[in-house]
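Since the structure comes first, as structure tokens, the remarks are kept for the end.
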Amino acid sequence: MPDEILTLPEVAQLLKVAEKTVYTMAQKSQLPAFKVGGQWRFQRVDIDLWIEQQKANARDEGER
């Protein structure tokens, strides 16, 4: 589903990190996120794009 909305625990599980890490990154705008009723939500397509950007950044850093 292209416009799938994920919860914070789902993103933490997807990225294999602690929920607190996802929460902190969302607060600092390091992850694409938005709030619904005071709770963080994430669009799956945005998270997938963010992952690809992180991979590209890691490749770029490795070339330096």
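Below, all heavy atoms of this structure are taken into account, side chains as well, without hydrogens, waters or symmetry copies. Starting from 1, each residue takes its place in the sequence as its number. Since we're looking at a predicted model, the values are computed, not measured.
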(message) Would you say that W50 contacts L15 through its side chain, given a criterion of any heavy-atom pair below 4.5 Å between the two side chains?
(response) yes
(message) Can you confirm whether more than 12 heavy atoms, excluding those of Q53, are under 6.0 Å from its CD atom?
(response) yes
(message) Does any part of the side chain of K20, heavy atoms only, come nearer than 4.5 Å to the side chain of T24, both counted from C-beta?
(response) yes
(request) Without swapping roles, check the side chain of W40 against the backbone of Q27 for a donor-acceptor pair under 3.5 Å. (result) no
(message) Applying a strict under-4.5 Å side-chain criterion to I, L, V, M, F, W and Y, I'd like to know whether V17 and V11 cluster together.
(response) yes
(message) Taking the side chain as everything from C-beta on, heavy atoms only, tell me whether R44 gets closer than 4.5 Å to L14.
(response) yes
(message) What I'd like to find out is whether the side chain of Q54 reaches to under 4.5 Å of the side chain of N57, using heavy atoms alone.
(response) yes
(message) Is there a continuous path of hydrophobic side-chain contacts, each under 4.5 Å between heavy atoms, that joins F34 to L8?
(response) no
(request) Starting at CD of Q43, measure out to CG of L49 and round the result to the nearest 0.5 Å. (result) 11.0 Å
(message) Would a single hydrophobic cluster contain both V22 and I51, if residues Ile, Leu, Val, Met, Phe, Trp and Tyr are joined by side-chain heavy-atom contacts under 4.5 Å?
(response) yes
(request) Kindly give the heavy-atom pair with the smallest separation between I5 and E10, and that separation in Å. (result) O-OE1, 4.1 Å
(message) Which heavy atom of F42 sits nearest to which heavy atom of P32, and what is that distance?
(response) CD2-O, 3.3 Å
(request) Kindly indicate whether the side chain of L6, heavy atoms from C-beta on, has any atom under 4.5 Å from the side chain of R41. (result) no
